[in-house]
Amino acid sequence: MGVAIRTAGEDDRDTVVRLLDAAFQDDPVSTWVFPGAEYRRRTHHRLMAAFTDIVLAEGRVDLTEDGSACALWLPIPADAPDDDGDDEPARIREAVDPDNERVELIARLTAGVHPSGRAHEYLWMIGVTPERQGEGLGTALIGSVLDRCDRDGTPAYLEASSARSSGLYQRLGFTLTGRPLELPYDGPRMWPMWREPGAVAG
């Protein structure tokens, strides 16, 4: 049975934020940005809201009809500037948690490894509610966009936040772009990954 997917709108904002907050509470990168379970419960949702707002305005949020999974995609043009003078990482930190430098640092570090020079679709985040994980919802969400990428001849890019998810993305045709990104202060690794249109796992 197929997974019903639609494009989320502003009316879905709260649903998407709650979904991402629940899906990433135990994610290695989220636990690094917001160390401590109670602190994370109080604060993490504000970062998910900031990300959701950016993608609703500039990209596309795919949402399963039952609200159990979503994917945040941004189209990146070939001539995207490295720095357009709009200091988004600092603005996100100010809006989310001004005293937490890691909110800004994670944005700067991922921007520093992001490929440039070719238009592509950027999978910023994909989340599945904890009780529905392992059912193939994430793969269905990604697949719908990758099919479009293949038709249009557009590459795709993401940063995997765990070795497990990196393996899943490799099965979808993504390959590592280089060495993993090592987050400072004994943080976890992130795996930047690129997929050429039409790529399949070897």
Side-chain angles (χ1 to χ4, degrees), residues 16-55 58-59 61 69-74 76 80-116 120-130 133-134 138 142 156-170 172 174-195:
V16 171
V17 172
R18 284 194 300 269
L19 193 166
L20 292 173
D21 185 35
F24 285 91
Q25 278 289 321
D26 297 321
D27 178 79
V29 176
S30 288
T31 58
W32 177 81
V33 175
F34 301 101
E38 181 57 34
Y39 170 48
R40 194 160 53 256
R41 278 193 293 271
R42 293 195 317 268
T43 316
H44 180 262
H45 67 95
R46 297 203 295 259
L47 183 60
M48 300 300 100
F51 290 167
T52 299
D53 289 341
I54 291 168
V55 178
E58 302 175 16
V61 178
C70 68
L72 279 59
W73 292 90
L74 276 179
I76 306 296
D82 292 334
D83 181 4
D84 60 5
D86 182 11
D87 196 352
E88 191 169 76
R91 287 190 299 108
I92 291 174
R93 173 181 176 177
E94 184 62 29
V96 171
D97 193 1
D99 294 329
N100 185 351
E101 68 171 345
R102 296 185 184 189
V103 172
E104 181 176 346
L105 185 57
I106 188 66
R108 295 194 184 283
L109 291 171
T110 53
V113 298
H114 199 120
S116 60
H120 60 276
E121 289 284 339
Y122 175 32
L123 178 57
W124 194 338
M125 302 188 80
I126 184 165
V128 180
T129 55
Q133 291 175 7
I142 297 173
Y157 172 76
L158 58 81
E159 298 109 6
S161 61
S162 70
R164 180 178 174 275
S165 63
S166 171
L168 180 143
Y169 297 132
Q170 287 184 60
L172 295 172
F174 285 86
T175 59
L176 298 172
T177 63
R179 296 194 323 176
L181 173 62
E182 304 267 1
L183 298 182
Y185 314 123
D186 296 321
R189 291 178 171 181
M190 298 181 75
W191 285 261
M193 305 186 76
W194 182 267
R195 181 185 184 275

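Basis for what follows: all heavy atoms, side chains included, without hydrogens, waters or symmetry-related copies. The shown structure was predicted, so the numbers you read here are calculated from the model rather than taken from an experiment.
Under the 4.5 Å side-chain criterion, counting only non-hydrogen atoms from C-beta, Thr177 is not in contact with Val113. Contact annotation: the side chain of Glu104 never approaches that of Ile92 to less than 4.5 Å [non-hydrogen atoms, C-beta and beyond]. Between Arg102 and Tyr185 there is a side-chain heavy-atom pair separated by less than 4.5 Å.
Nearest approach of Pro89 to Arg108, heavy atoms of both residues: CB-CG, 3.9 Å. Nearest heavy-atom pair, Ala23 versus Val128, reported as atom, atom and distance to 0.1 Å: CB-O, 3.3 Å.
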(request) Report the C-alpha distance between His114 and Tyr157 in whole Å, list the side-chain angles of each, state the deciding distance to 0.1 Å, and finish with yes or no for ring pair (Phe, Tyr, Trp, His ring centres under 6.0 Å). (result) CA-CA 8 Å; His114 199 120; Tyr157 172 76; 4.4 Å; yes
(message) Using the rule given for ring pair (Phe, Tyr, Trp, His ring centres under 6.0 Å), can you reason through Phe51 versus Trp124, listing the C-alpha separation, both sets of side-chain angles and the distance that settles it, and then say yes or no?
(response) CA-CA 9 Å; Phe51 290 167; Trp124 194 338; 4.9 Å; yes
(request) Carefully, step by step, assess Thr175 and Gln170 under the rule side-chain contact (heavy atoms from CB on, under 4.5 Å). (result) CA-CA 6 Å; Thr175 59; Gln170 287 184 60; over 6 Å; no
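No option in Leu158, Val55, Leu123 other than Leu123 meets the side chain to side chain contact (heavy atoms under 4.5 Å, CB included) test with Trp73.
Salt bridge annotation for Asp21-Arg40: absent, with no cationic side-chain nitrogen under 4.0 angstrom from a carboxylate oxygen. Between Arg41 and Glu38 there is a salt bridge, with a side-chain nitrogen of the basic residue lying less than 4.0 Å from a carboxylate oxygen of the acidic one.
For the residue pair Asp97 / Thr43, no side-chain donor-acceptor distance below 3.5 Å is found, with atom types taken as modelled. Looking only at atom types and distance, the side chain of Tyr122 has a donor-acceptor partner in the side chain of Glu159 under 3.5 Å away.
Atoms OG1 and CG, on Thr52 and Leu20 in that order, are 5.0 Å from each other to the nearest 0.5 Å.
When the shell of 6.0 Å around CZ of Arg46 is examined, it contains more than 12 heavy atoms from other residues, nucleotides or ligands.
Between the side chain of Thr110 and the backbone N or O of Ala107 there is at least one donor-acceptor pair closer than 3.5 Å. Between the Asn100 side chain and the Val33 main chain, a donor and an acceptor come within less than 3.5 Å of each other. Side chain of Ser166 to main chain of Ser162: no donor-acceptor pair is present (N/O by atom type, distance under 3.5 Å, no hydrogens or angles).
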